[in-house]
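See below for the structure under consideration.
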Protein chains: 2
Amino acid sequence: MQSITDALGNGRPEPAWRNAYRQLRMAIINRELAPRLRLIETDLAQTLGISRTPLREALARLEVDGLVTTAKSGGYAVSDMREDLFDAYDLRAAIEGYGARLAAERVTDGEIKRLRENVTISQRVALSDRNQRARLNIEFHEIVVSATRSPKIIHAFTNIRDLILTDEDMTLHSEEAHQRFIREHDLITSAIEMRDGDIADRLMRKHLLSARELLLQRPDADNASSGEY
Amino acid sequence: MQSITDALGNGRPEPAWRNAYRQLRMAIINRELAPRLRLIETDLAQTLGISRTPLREALARLEVDGLVTTAKSGGYAVSDMREDLFDAYDLRAAIEGYGARLAAERVTDGEIKRLRENVTISQRVALSDRNQRARLNIEFHEIVVSATRSPKIIHAFTNIRDLILTDEDMTLHSEEAHQRFIREHDLITSAIEMRDGDIADRLMRKHLLSARELLLQRPDADNASSGEY
DNA sequence: CGGGGCTATTCTGTATGCAATCTATTACTG
DNA sequence: CAGTAATAGATTGCATACAGAATAGCCCCG
């Protein structure tokens, strides 16, 4: 019996390191593995049911992604992404700003429809339904970026997306902020619809930088008390 | 006896995979390993004087960097970067454009001086001295990006820099193009000096996109004849 | 009671071995 | 002779084994 992902006649069973990579990535993003937690390869390998060899290949990739760091004395530890969260928004503004510009030039009618639908649904979702709001927020930005048709920009976006959006969702606590975000999404959609890349660019940057301000004002709920070493 | 890089009292001997990573990276960028060349792990490991285990860790990282690709049937091959060279310039315009904007806000007087010197020297270097011109070109963009003080933007830049600049140097064949590049560097420097991020951003984007046009017009000197499989 | 050095254990980094898969070559069949 | 099946060699992906470094603990000494 093959792995379940291989059921549709795909050529090859999934490598073990890929599964480990996915699981670790999710665990780190969801804070199930605390920042600065030292990762003991033997234990981790046993937990994942693989040997250290493919585990280390997964960890090497996670390190390039910035999710994991190598300690000075060797070995890996979970990155503390709060350290450079502020900085990450600069990169995001660069990528998504220019991305919105390209999107305005290359977007299809179908994508515009999806953006409009996203905004419409967002306006109706309850403030309390955090999961739904987070999903819609992620989806909006994904549609814009994928409309660029640029594999490199899409790749760069997905790399930082996970580092940021889970935190960003936490910030959407007030109805005021929520409505403002949706309004900005609405304006960006309009700019893209009018194929005005310059406006789309500027609106997107403003949207992201104001999101950063909100993020840094938050009460910083989860404190560093859980940070093992 | 320790490795020579460890001579200055640094804590640890360099891991074997890091050296392999560097060597392979350079070899791929310099086209010593042809695009689409299938990498046989056993041979490569023997050439590098290490075993397959650290070699595979180096290859995993190179894959995340985009320098190496996994074939459908398993194994690694050198990426054909000409495929997405055009695309890479979009990402570069996004990063360096916004980077120039940040640089204008955060640059120090010392950095401005270095930029001015770079431009001045570039104006005097002979057209035939390709190495020198390439070095100066890289240096200019490095100064601008490092002036952003943004680790993430610097990291993203260094990632694509190597994919592009070696090719870009090939394009600086005409005196006209050369002078134009320097003139654009000069204007960007002035914008940064005046702390005008908006102008710096637009100039940098224009500079990069015109560089892309030149690149794609080139006679495509090295043909795909060397592309093994 | 506090500090420094020694020892034991843990952990990492790398090499090797093995099974499964892929590829190329050859033999066979229509 | 073209096309296809079978087989042998090559190659990957993973597990295990081992040496050296790092860390923790302990004892001895001040």
Side-chain angles (χ1 to χ4, degrees), chain A residues 1-24 33 36-64 67-79 227-229, chain B residues 1-24 33 36-64 67-79 227-229:
Chain A
M1 177 123 137
Q2 307 260 52
S3 86
I4 203 165
T5 61
D6 194 35
L8 298 173
N10 301 330
R12 252 180 115 91
E14 187 183 58
W17 64 258
R18 190 182 294 279
N19 185 42
Y21 174 82
R22 261 206 313 273
Q23 288 197 237
L24 288 174
L33 292 172
R36 308 191 68 84
L37 173 66
R38 176 74 185 272
L39 296 173
I40 305 301
E41 295 175 7
T42 309
D43 301 351
L44 209 51
Q46 195 162 14
T47 304
L48 294 168
I50 60 179
S51 82
R52 286 178 53 221
T53 307
L55 170 63
R56 279 177 64 86
E57 292 187 18
L59 289 172
R61 291 161 193 270
L62 288 169
E63 192 205 354
V64 181
L67 291 178
V68 143
T69 317
T70 63
K72 290 167 297 298
S73 59
Y76 294 96
V78 177
S79 296
E228 279 100 296
Y229 198 130
Chain B
M1 175 121 99
Q2 307 260 50
S3 86
I4 204 164
T5 61
D6 194 34
L8 299 173
N10 300 330
R12 250 180 114 92
E14 188 183 57
W17 63 258
R18 191 181 294 278
N19 184 43
Y21 174 82
R22 262 205 312 272
Q23 287 197 237
L24 289 174
L33 291 173
R36 308 192 67 85
L37 173 67
R38 174 75 184 273
L39 297 173
I40 305 302
E41 295 174 8
T42 308
D43 301 350
L44 210 51
Q46 195 161 15
T47 304
L48 294 168
I50 60 178
S51 83
R52 285 177 54 222
T53 307
L55 170 63
R56 280 176 64 87
E57 292 187 17
L59 289 171
R61 290 161 193 270
L62 288 169
E63 192 206 354
V64 181
L67 291 177
V68 143
T69 317
T70 62
K72 291 168 297 299
S73 57
Y76 294 96
V78 177
S79 296
E228 280 99 298
Y229 198 136

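In what follows, chains are A, B, ... by sequence order, proteins preceding strands, each numbered from 1.
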- Report the C-alpha distance between B:Glu14 and B:Arg22 in whole Å, list the side-chain angles of each, state the deciding distance to 0.1 Å, and finish with yes or no for salt bridge (Lys or Arg N to Asp or Glu O under 4.0 Å). CA-CA 12 Å; B:Glu14 188 183 57; B:Arg22 262 205 312 272; 3.0 Å; yes
- Item | Rounded distance in Å - CZ (A:Arg18) to P (D:dT12) | 17 Å
- Query: A:Asp43 has an atom CG; how far is it from atom C1' of C:dC11, in whole Å?
  - Reply: 10 Å
- Task: Give B:Thr53 one of three labels, base, sugar-phosphate or nothing, depending on what nucleic acid heavy atoms sit under 4.0 Å from its own.
- Result: base
- Whole-Å distance, B:Lys72 NZ to C:dT23 P, equals 10 Å
- Message: Tell me the interatomic distance from A:Asn19, atom CG, to D:dG13, atom C1', rounded to whole angstroms.
- Response: 15 Å
- Query: How long is the line joining CD1 of A:Ile40 and C1' of D:dT23, in whole Å?
  - Reply: 11 Å
- Is any side-chain heavy atom of A:Val78 closer than 4.5 Å to a side-chain heavy atom of A:Leu67? no
- Message: Of the options D:dC14, C:dT14, C:dT12, whose atoms approach the side-chain atoms of B:Ala16 most closely?
- Response: C:dT14
- Item | Heavy atoms of other groups near B:Gln46 CD, more than 12 under 6.0 Å | no
- Nearest-Å distance for atom pair CG/P, residues B:Leu37 and D:dT11: 13 Å
- When you get a sec, tell me which of C:dT14, D:dT12, C:dC11 is the closest nucleotide to the side chain of B:Ser51? C:dT14
- Query: From the list C:dG13, C:dT16, D:dG13, which nucleotide is the closest neighbour of the side chain of A:Arg52?
  - Reply: C:dG13
- Note on the structure: Whole-Å distance, B:Gln46 CD to D:dT11 P, equals 12 Å
- Query: Would you call B:Glu57-B:Arg52 a salt bridge at under 4.0 Å N-O?
  - Reply: no
- State, with a plain yes or no, whether a side-chain heavy atom of B:Glu63 is found less than 4.5 Å away from one of B:Thr69. no
- Task: Mind running a 4.0 Å heavy-atom check of residues 56-64 of chain A against DNA chain D and sending the residues that fall below it, in number order?
- Result: none
- Query: Would one find a side-chain N or O of B:Ser73 under 4.0 angstrom from OP1 or OP2 of C:dT21?
  - Reply: no
- Whole-Å distance separating the CD atom of B:Glu41 from the C1' atom of D:dT12: 6 Å
- Item | side chain to side chain contact (heavy atoms under 4.5 Å, CB included) evaluation trace for B:Arg61 with A:Arg61 | CA-CA 6 Å; B:Arg61 290 161 193 270; A:Arg61 291 161 193 270; over 6 Å; no
- Message: Using side chain to side chain contact (heavy atoms under 4.5 Å, CB included), reason through B:Leu44 and B:Leu24 one step at a time and then give a plain yes or no.
- Response: CA-CA 10 Å; B:Leu44 210 51; B:Leu24 289 174; 4.0 Å; yes
